[in-house]
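A note on names: the letters A, B, ... follow the listed sequences, proteins ahead of strands, and every chain is numbered from 1. Both backbone and side-chain heavy atoms feed into the values below; hydrogens, waters and symmetry mates do not.
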There are 2 protein chains.
Amino acid sequence: MTDHTHSLHALKVSCSNCSLRELCLPLGLNRDEMAQLDAVIRQSRRLKRGEYLFRSGEGFRSLYAVRTGYFKTCVSSQDGREQVTGFHMSGELMGLDGISSNLHGCDAIALEDSEVCELPFNRMETLGRDIPSLQHHFFRLMSREIVRDQSVMLLLGNMKAEERLAAFLLNLSQRLSARGFAANDFILRMSREEIGSFLGLKLETVSRTLSKFQQQGWLVVDHKHIQLVKPEELKQLVAGCSQAQH
Amino acid sequence: MTDHTHSLHALKVSCSNCSLRELCLPLGLNRDEMAQLDAVIRQSRRLKRGEYLFRSGEGFRSLYAVRTGYFKTCVSSQDGREQVTGFHMSGELMGLDGISSNLHGCDAIALEDSEVCELPFNRMETLGRDIPSLQHHFFRLMSREIVRDQSVMLLLGNMKAEERLAAFLLNLSQRLSARGFAANDFILRMSREEIGSFLGLKLETVSRTLSKFQQQGWLVVDHKHIQLVKPEELKQLVAGCSQAQH
DNA sequence: GGGCTTGCTTGATACGCGTCAAAGCAGAAA
DNA sequence: TTTCTGCTTTGACGCGTATCAAGCAAGCCC
C-alpha cells in the first residue's frame, strides 16, 4: 500500500469491503482520469464517536464519503426537536443538501470512530466537465438520495410502528449484506432514541416493538445485537406497504 | 412574440409571472449560450386536469418544468396506499428522481389544465459541460429538492396535525407570493384527501383542523378558497417546530 | 466494592388521530 | 329544472402511540 491512502484509487484497491465502491467503481475511469480524481480527493479525516463532521449552517465546501464507521445526519427545529434524516455507512455520501445554499443543511455526527474522504465540491464539479461519466455519476447519486427520501416519506406518512421498524431493519440488513457483512446478525450502531427519531416514533415504542418481534420469534434482541431469525416474516409485514415496483 | 413559444428564452421574456424564472433566470447566460439552450428545450406539452405527465416505472428521458398549472407527484405502495410527495407550481421541476435508475420513481399528475416544458436530460447534461453555470444550476436544483425533502421529514416525523397544516398553508402562501400572487387569499388546487396524503393525515383531520383554524379566526375557509386572516398566528404555531436557522 | 450515570424495558394511563357513519353542498349531466 | 356524483363537514367511538413513571442492567469513576 502506498502513501496515497487518501485517494479513491488507492481505496478501490486497498479496501474492498468498507470502501467507496459505490462511489468510484461504477465510473469506469481510465488511468489518466483516475489520476485526476486522485489529485482532487483530500486526505481522509478521522472522527471519534460523537464528533460532528459538519453542522447545519456552516459553510459548505465539500461532500464527504464514509470510508469506515457510521454516521447519522439530522435536522433540528427551533424548540429542539430532532429529526434524524438518515444513517450512513461506508461508501455513502453526505452533504448533498449543502450545495443549494452553500450552507450545510443538517448536522452529521459520527456514531462510532469513523473515517471519511473529503471531496471538495467545486473541484469535483470542474472535473465533471472533463470526465462525463463522473458528472453523470454525481447526478445519479443526488437522484438516488431523492428516491431514498421519497421512500422515507412513504414510511413516515403511511406506515404503522411495526411496519416502520420492520422496514428499517430490513433496509439495514440489505445494506450490510451488500457490503459483505452478515445480513441477519448485526450490531445496531445507534440508540433506540435515534432509531425512533428516524422512524417518527418514541424510543419506548421502538423498544416495545422490538420486544414484540422477539416474542413472535422473528428475531433475537440482545441490547444492540440483533439477529433476524425469520426475516421472511418481516418482509411479509412490509410487503404491502413498501413502494410498488413497476 | 415569435413562434419559439417552446423555448426558455422566449418564456423568460414572455411570461414574467408564471414562467420558469427560477429555472432560467439565475443562470446569467449570454446570447449564444441561450441559443444553445433553446435548441435543446422541447416543445412544451399541454395536459388536461387529471392527466399523467409520467408514471412510476416508465422510462426516464426528460425532466419537466411547470410553465402553467399545477401538479402533484406521488408514490404508491403495493397495497394501494398513496403518498403525495409534493405539489408543484410554475417554475418548479419534476422528474429528478428518475435519473438514478433511468426509470421514473413516482407519478406526476396535473391537478388542473397545465403546460410543461420538456428538458431532455441527456442533452442538458451534455450542455452542462459547455456551460458551467448551467451544470451548477442543476446541482443546486437537485440539492434544493433534497433540502425540501428533509423539511418534509421533519414535518412528518415531529409535528402534530395543526402544526403540519399551518406549515403547509404558510409554505403555499410563500410560494404563491413569490410568483406575484396574493399571499393571503388563494385557491387550493388539491383535494382534502391529497393534502392529507402529503401531510400524513386523513382527510377528516385536514377538514377538522381547517374548521378549527376558522373558529379561532385565523383564516376563512370557503371550500377551496382560503383567506389567511391572521397569518402571524399560524407562523407562531410553526415557529417552534420549524427547522432552526443558523 | 459502592455509587453514579446512561440506556433500555415494561406497565399504566391519556390523548390525538383514525375509522365509521350520516348528512350537506356544489358542480356536472340529463 | 332534477338527479347524480364526488367532495366536504361533522359527530361518535376506538385504536395506536405518546406520556409518565418505575425498575433494571451495564459501564464508569471514585
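- When side chains are defined from C-beta on, Leu176(B) counts as touching Met89(B), because their heavy atoms get closer than 4.5 Å.
- Using a 4.0 Å cut-off on heavy atoms, none of the residues of residues 212-219 of chain B approach DNA chain D.
- Between the CG atom in Leu203(B) and the CD1 atom in Ile195(B) there is a gap of 10.0 Å [rounded to 0.5 Å].
- Contact annotation: the side chain of Leu47(A) never approaches that of Asp113(A) to less than 4.5 Å [non-hydrogen atoms, C-beta and beyond].
- Interface residues of residues 202-210 of chain B facing DNA chain C, ordered by number: Lys202(B), Glu204(B), Thr205(B), Arg208(B); criterion, heavy-atom separation under 4.0 Å.
- Residues from residues 187-196 of chain A with heavy atoms under 4.0 angstrom of DNA chain D: there are none.
- In this structure, CZ in Arg49(A) is found 13.5 Å from OH in Tyr70(A), a value given to the nearest 0.5 Å.
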Output a table of donor-acceptor pairs, distance under 3.5 Å, between side-chain atoms of residues 215-235 of chain A and any protein atom two or more places apart or on a different chain; print 'none' if there are none.
from: Lys224(A); atom 1: NZ; to: Met190(A); atom 2: O; distance (Å): 3.2
from: His225(A); atom 1: NE2; to: Asp185(A); atom 2: OD1; distance (Å): 2.8

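- Summary of helix geometry: the two end axes of the helix from dG1(C)-dC30(D) to dA30(C)-dT1(D), each defined by five base pairs via their C1' atoms, are inclined to each other by 30° (rounded to 10°).
- Below 30°, between 30° and 60°, or above 60°: for Phe60(B) and His104(B) the angle between ring planes is above 60°, a perpendicular geometry.
- Residue Arg175(A) qualifies as enclosed at atom CZ: its count of foreign heavy atoms under 6.0 Å is above 12.
- Partners of Ala244(A) according to the side chain to side chain contact (heavy atoms under 4.5 Å, CB included) rule, which considers only residues two or more places apart in sequence or in another chain, are His246(A), Gln78(B).
- By the side chain to side chain contact (heavy atoms under 4.5 Å, CB included) test, Asp149(B) pairs with Ile146(A), Asp149(A), Met153(A), Glu145(B), sequence neighbours left out.
- Nucleotides of DNA chain D that come within less than 4.0 Å of any heavy atom of chain B span, from the 5' end to the 3' end, dT8(D) to dA12(D).
- By the 4.0 Å N-to-carboxylate-O rule, Glu92(A) lies close enough to Arg179(A) to be salt-bridged with it.
- Checked against side chain to side chain contact (heavy atoms under 4.5 Å, CB included), Ser151(A) has the following partners two or more places apart in sequence or in another chain: Gln243(A).
- Here Phe87(B) and Phe71(B) keep their ring centres 6.0 angstrom or further from each other.
- We find that Glu162(B) and Lys212(B) are joined by a salt bridge, their nearest charged nitrogen and carboxylate oxygen being less than 4.0 Å apart.
- Residues of residues 153-163 of chain B that place a heavy atom closer than 4.0 Å to DNA chain C, in numerical order, are Lys160(B), Ala161(B).
- With values rounded to the nearest 0.5 angstrom, Arg45(B) atom CZ is found 10.0 Å from Ser62(B) atom OG.
- The list of salt bridge (charged side-chain N to carboxylate O under 4.0 Å, His left out) pairs with a residue in residues 81-90 of chain A, not counting sequence neighbours, reads Lys72(A)-Glu82(A), Asp79(A)-Arg81(A), Arg81(A)-Glu163(B).
- By the ring-ring contact (aromatic ring centres under 6.0 Å, His included) test, His88(A) is found to be paired with no residue, residues two or more places apart in sequence or in another chain being considered.
- Within the model, atoms OG of Ser77(B) and CG of Leu154(A) stand 6.0 Å from one another, a figure rounded to the nearest 0.5 Å.
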